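Data first, discussion second: the structure below is written as structure tokens.
As a basis for the values below, the full set of heavy atoms in this structure was taken, side chains included, without hydrogen atoms, waters or symmetry mates. Letters go in sequence order (proteins before strands), and every chain restarts at 1. Since we're looking at a predicted model, the values are computed, not measured.
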Amino acid sequence: MPVEQGTPSAATTVTSPDPAPAGTPARRGAGRGLGPGALVALGWLAGLSVLALLGDALPFIGDPSRMTSLPYEPPSSAHPLGTDEIGRDVLSRVVYAARVSLPIAAGAVAVAMLVGGIIGLLTGFLRGTVDEVGQWLLDVLVSFPPLILAMAVTAFLGRSPVILAVILGLLFVPPAARLVRTHTMATSTREYVVAARVLGASRIRIVFREIVPAVVPHLLAYAVLAASAVIVIEGALSFLGLSIPPPTPTWGGMITAARDGLAEAPHVLLVPVAVLFATVLALNGLADTLRSRLVETR
Amino acid sequence: MTLASVMRRAARLLLVLGAISIVTFGLLAVMPGDPALALLGPGATDAAVAEVRASLGLDRPLIVRYGDWLLSALGGDLGTSYQTGQPVVTSLADRFPLSIELVLVSQIVALAVAVPVGLWSARRPGGIVDRICSVGGLGLLSLPMFALGSLLVYVFAVTLKWLPATGIPSFGDDPLGHVQGLILPVLSLAGWQFAMYAQILRGEARTVLAEDYIETAVLKGLPTRAILLRHTLKPASLSLASLVPITTGELIGGAVVVETLYALPGVGRLMVDAIAARDLLVLQGAVLAVAVVFVMLNLFADVVVRWLDPRIRSHHAG
Amino acid sequence: MARIHRLSALLGVLTLAVTGCGAGGAEPGGAPGATGATGSPGAAREFRTGLDTVKVADPVRGGQLVYGLEADVSAGLDTSKWYCGPACRTIAKTIYDPLTVVDSGGTVRPYLAESVEPNADRTEWTIKVRPGIRFHDGTPLDAAAVVTNLEKQRTSPLNTAALAPVASVTADGPMSVRVKMKGPSSAFNVWLSTPIGYIMAPSMLAAKNGAHNPVGTGPFRFVEWKAADHLTVERNAEYWQKGLPYLDRVVFRPNPDVESRVAALRAGDIDVMHTDSADQIAKLRGDTSVRLVESELFGESNYFQLNVKRAPMNDVNVRRALAMALDRDAIGRTRNRGVTRVANGPFPPGTPGYLDNTGYPGYDPAAARAIIEKYEAANGPISLKLMIPQSPTHAKTAQVVQQMWKEVGVDVALEQVEFNAFLERDRRGDYDMTDARLFGGADPDLQRRWWHSSGASPVGNISDPQVDAALDVIRSSTDPAQRKASAEQLNRRLGDQVNYLWVNWTVWAVAAKPDVVGLNLQIPGGGQAGLVLGDHWLTYASRKR
């Protein structure tokens, strides 16, 4: 068993904003302003949203459900990104899909982080009976096969984007809650929190002033990964016929539907994957920036 | 761990199992569909459906059926499958070992790669290693499992013919074949996990590396390796320690895509088939077994978290 | 005929005496070793099989075959107990022999039975059992065994509809069985080629877990089954067709994902597979490393079923408009990659009742639009739901037709329903339109339970005196010409009433490694009514030296 050498929390105090010594790697890039990377990321997300909102008001964008050509056509002047498995324009579909995929991802992540975050905070901070009940709830939720949950919910409540966001969000509640609980517990034992407690700060104050700011950066990194996972899992649901009914395009749905033509028309798969990839990269870049600023200002 | 806390855990496990069994039973019962239809195929007459339902004991009220099941389950008998007529316990014993092996091996592979990659990326954020790893990792995350799997199959099975595209012979029959068969499914599962873990660890490690005591260590002239492994890894692993057990549990019953792609008789397919056939008791048994694994994994996670940060204790707990 | 059929003329396996318009032609050039009608007669052994005369060139004894199947046989192989789908039938026919088989011309031949003969008015059938045959457990095949099987089938909830006309089954001597019918029944011998006529050992039927320990008289005997993993059969050395089978062993591996099955074939994990996926067949056609045999003979029809009890589908004009909106040529060309042919009724070429023109409405979007506009002006806008099973394949087709209907002004929403729930709603008639595939088989009598108003299954959703009359003639008439005329009349009536929107006839294909000899067109499927035609090609298959 290694000795508890350098248990990290011991060294941190509430006020540690001194500039990093030159050569300490982690401090680089956490400077003022947004930096070019974050700007590009913001630009991509904004541009994508604008494209999606404008839809067929734009050149080259048409009705995403209309079969205008043969299946699996390679890119051409009529179809800049080729056509899909039944001859629809891939560019139009990938743009329109943002209208569904982005809100679903945002909604699901919001559900997961809010619900998971609250459960995690409560169980990690209060411990005791609340923790027992919370863990019990999470164990039940996490052990229950998501597929049955999705089947049952969609069978009775339909398949609107809101319902899908909730279903997909629920999948990420247990990990988010566990993550927050762990960091809440770790933060609660830190000197500055213990000190605040001794000094008579109210519990609510401790949670909001000390613990939440310390936990959020950890959750943020996970949120980005969850967002990409949500979009991909939506694709799995659409493969199983449990997502937004066709012909409404979603990125996940496009990716899974492209499977049949993987060999002869890889572009049908690659286009939505690339757009998703770029979006996840952008989100990740933003999260990194946000995170370093949060850590810095703490 | 005290006897009291063991008892408390055991009680919680029972409560979890009870709740899950009721929800599973209830949901599958209210969902449209019928086990008789799966057995009789298309075009079954009403009389035939009624006859089969009666022969399966499905004509009794739901609460009676649940009570019956609960009583025999407490005695260790989880009932028999409507489809195969086999005891549910036998099906579970057939399917779980492969799923658990698959998931454990892929988690080990994912962590074995993610830890060094994550730490190394965190050392120089924005450096070349970091860039490559985070772009590559996020790329893997954007690729659904079936796409990665299909790609691996195409390259290593169909084109190069180094590895089989489907199936894993049992270790006893064919040890080499067993290992070969595992490789592609494990890689398909581990790809996604690796990307997730590396990203998380990288972020956490960056935070830790910004702490003052690391600066002290740097100033003291400790080698990078020592800083990363001895001073950074442990404190940066809290998030992973919380996430890995949950993901592990989710994959045991949730690796349907990989099991389907590689035609493996795992728990995921067992559950999907059981849902399709409305084979309630099989589903019930599988869900409960997964739940047991989950509760154990969470217990394990708590122990690991406490080891990583010994000041987290259960002193608040009642 | 524009489409070239590729039937069993591969690698020295010859299908001679091919009749009917659905069969014929040889493997178009390219595949090495495909010999067409020339074969290698010197070394060939010739068999008069149920299907046709088959010559197997230079067969090799020994070796095993791994067969990738789309489903596991979790409910077991007792065909009197539970429904036996294509995967089940593929396995079942290696273990059991059917009493009769149907050849590609539609002629019923005795197989395990020595003869199956009716009396003059078809109210009684006599089955003479082939002598000297033993089940795999050593018990003899005799009249008593056949009676046990048929009685078990008759009292099974599976067959209440199919075997309703049977009044009694009795042994009429040690090797003779008499089946008395409630009325004239001229196609009973066809029914005996379906799983109803697969003969299982009485010991198996009596055993508690018999379904999972099947015992028959077939070319292979059951060895073991491991759920979702494999089912193994091995050569029956005492098979009644001397010298057969050639293979020592066949291992069936369930693999529900067709993409993965194709990959497994290409990687060499499995030796053979079958599929009805047009996408996959199109891809396999271009693969020179794989042997492919295709057939649509006696195959199922793909169609959309309209719920004629609901408005607006209760209006035959609206039904016609929905039919006229569908460009079935385009569906065949694009969605089905040119693999399938446009269907005009439930009977593909080669099946009694097939017609070049059934009167079913052709593609005419302008006329369709006019009808729809007229109907909507009087009754308000039409808004329909198309219920489809949750699968990417169905979703793909459904999106194509959805757009075609949209073009003529009909809004159709897609409703994806999990398969088990789909079956239930289909039974209850709780839908506007569904996507379906049914009606394969060599004789129209097999469809009676779907279409006759007295039929027990609500799935066919038809109640039409003219259809009933035609089906009654088909069941009772002793005159083949009259039966055929009735089947044609039935076909025309369905085309005129448009209860079903025909799309295409199903093409089944078997794909195998190049060294698999003996691929034949006895492909599973052949109708959900439970017909597998002919004897099993695995009986004659071997591996090339």
Self-check item: Residue part contacting chain B, namely of A:Leu262, when any heavy atom lies under 4.5 Å
Solution: side chain
Exercise. For the residue pair B:Leu283 and A:Ile148, establish whether any side-chain heavy-atom pair is separated by less than 4.5 Å.
Key: yes
Quiz item: Of all of A:Leu281, A:Thr279, A:Leu225, which one pairs up most often with chain B through heavy atoms under 4.5 Å apart?
Solution: A:Leu225
Quiz item: Is chain B contacted by the side chain of A:Leu171, its backbone, both, or neither, given a heavy-atom distance below 4.5 Å?
Solution: backbone
Quiz item: Just wondering, do B:Leu143 and A:Val273 contact through their side chains at under 4.5 Å, heavy atoms?
Solution: yes
Quiz prompt | Salt bridge present between A:Arg178 and B:Asp302 (N-O < 4.0 angstrom) | solution = yes
Quiz item: With chain B, which of A:Leu240, A:Leu147, A:Asn284 has the greatest number of heavy-atom pairs at distances under 4.5 Å?
Solution: A:Asn284
Practice problem: Would you mind telling me which of A:Arg181, A:His183, A:Met151 has the largest number of heavy-atom pairs within less than 4.5 Å of chain B? | Solution: A:His183
Quiz item: Tell me, side chain or backbone of B:Val23 under 4.5 Å from chain A's heavy atoms, or both, or neither?
Solution: both
Self-check item: Region of A:Phe239 that comes under 4.5 Å of a non-hydrogen atom in chain B
Solution: neither
Exercise. Check whether B:Leu15 gets within reach of chain A through its side chain, its backbone, both or neither, counting any heavy atom under 4.5 Å.
Key: both
Self-check item: Part of B:Thr247 within contact of chain A (heavy atom distance under 4.5 Å)
Solution: neither
